[in-house]
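Whatever order the structure lists ligands and atoms in, that order sets their numbers, starting from 1.
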Amino acid sequence: MSGPRIGVLALQGDTREHLAALREAGAEPVTVRRRSELEAVDALVIPGGESTTISHLLLELDLLEPLRARLADGMPAYGACAGMILLAGEILDAGVNGRAALPLGGIDMTVRRNAFGRQVDSFEGDVAFAGLDTPVRAVFIRAPWVERAGDGVEVLASAAGHGVAVRQGRVLATAFHPEMTGDRRVHQLFVDMVNGRG
Ligand code: GLN
């Protein structure tokens, strides 16, 4: 049996690592750069990168509204770091006008961009993750955190007193980058969610 067809938004960011992680988790990953490709996938991963740049490219390529529409329609999605920012309903410190990160609204939450502060741009640590037996190694790179999570949002992991992994229905987001470690459990959770088993 073939796995679900999961798109990886390939405008900017570490696309390749997500494609590999999804393949290892039993999905059939494909890159998404245009509207016809977005319409053809069962689910979408939005990788880390720079949320303002990804937003700008989504606008340029006429993908912003189609993506919002698919999310509103219930398409499963997973966003890591910049992807978490974009999946929020509201973004704090979103950037300057005309070059701001634009919310796509997959999860009822408010996130703060670059929340961990200037001194600690990047760090890693082990975080407990709901449903997983042992902690995940979390790599944070100029990461956001969750400032407010709506009623329907499950906080799966926290760091520095804030949510760093959340889920609402079949939409998942992490402030960290599981694709950068060999641990495939977060991608496996997402593939199981897409399959209706997670
Ligand atoms: N700080 C970046 C942003 O605002 C996110 C960094 C990342 O994805 N590693 O989009």
Side-chain angles (χ1 to χ4, degrees), residues 6-22 29 31-33 43-61 63-64 67-68 71 77-107 109-127 129 136-149 156-167 171-184 186-187 189-190:
I6 300 185
V8 176
L9 188 67
L11 305 182
Q12 191 240 7
D14 59 345
T15 308
R16 205 174 348 164
E17 290 80 359
H18 282 285
L19 291 167
L22 288 166
T31 55
V32 167
R33 289 192 190 85
L44 187 72
V45 170
I46 305 177
E50 176 51 53
S51 53
T52 56
T53 303
I54 298 172
S55 296
H56 179 73
L57 293 169
L58 285 170
L59 271 174
E60 290 269 295
L61 297 166
L63 277 170
L64 186 74
L67 182 45
R68 282 183 171 149
L71 288 166
Y78 166 46
C81 200
M84 170 188 252
I85 296 169
L86 295 171
L87 284 175
E90 186 187 14
I91 302 168
L92 304 176
D93 296 336
V96 291
N97 276 344
R99 266 289 182 169
L102 302 171
L104 298 169
I107 297 180
M109 64 176 173
T110 302
V111 299
R112 185 177 294 281
R113 264 180 83 225
N114 301 335
F116 287 90
R118 291 197 189 88
Q119 297 99 321
V120 279
D121 260 4
S122 304
F123 63 99
E124 51 180 282
D126 293 331
V127 298
F129 195 106
V136 293
R137 189 77 185 158
V139 180
F140 295 92
I141 304 168
R142 302 189 70 219
W145 67 35
V146 177
E147 196 105 353
R148 179 198 63 86
L156 303 174
S158 297
H162 290 269
V164 293
V166 290
R167 171 182 180 173
V171 183
L172 177 70
T174 61
F176 52 88
H177 290 265
E179 77 283 3
M180 292 177 72
T181 67
D183 185 346
R184 298 305 182 218
V186 173
H187 287 82
L189 167 65
F190 181 57

From Ile141 atom CD1 to Asn114 atom CG, the distance as rounded to the nearest 0.5 Å: 12.0 Å
Applying side chain to side chain donor-acceptor pair (under 3.5 Å) to Asp14 and not counting sequence neighbours gives none
Side chain of Arg142, backbone of Asp121: donor and acceptor closer than 3.5 Å? no
In terms of the angle between their ring planes, are Phe140 and Phe116 parallel, tilted or perpendicular, with boundaries placed at 30° and 60°? tilted
Mind checking what residues have non-hydrogen atoms under 4.0 angstrom from ligand 1? Gly48, Gly49, Glu50, Ser51, Cys81, Ala82, Ile85, Arg113, Asn114, Ile141, Arg142, His177
The side chain to side chain contact (heavy atoms under 4.5 Å, CB included) partners of Gln12 (sequence neighbours excluded) come to Glu50, Thr53, Ile54, Leu57
Checking Arg148 now: which residues fulfil side chain to side chain contact (heavy atoms under 4.5 Å, CB included) with it, not counting sequence neighbours? Asp108, Thr110
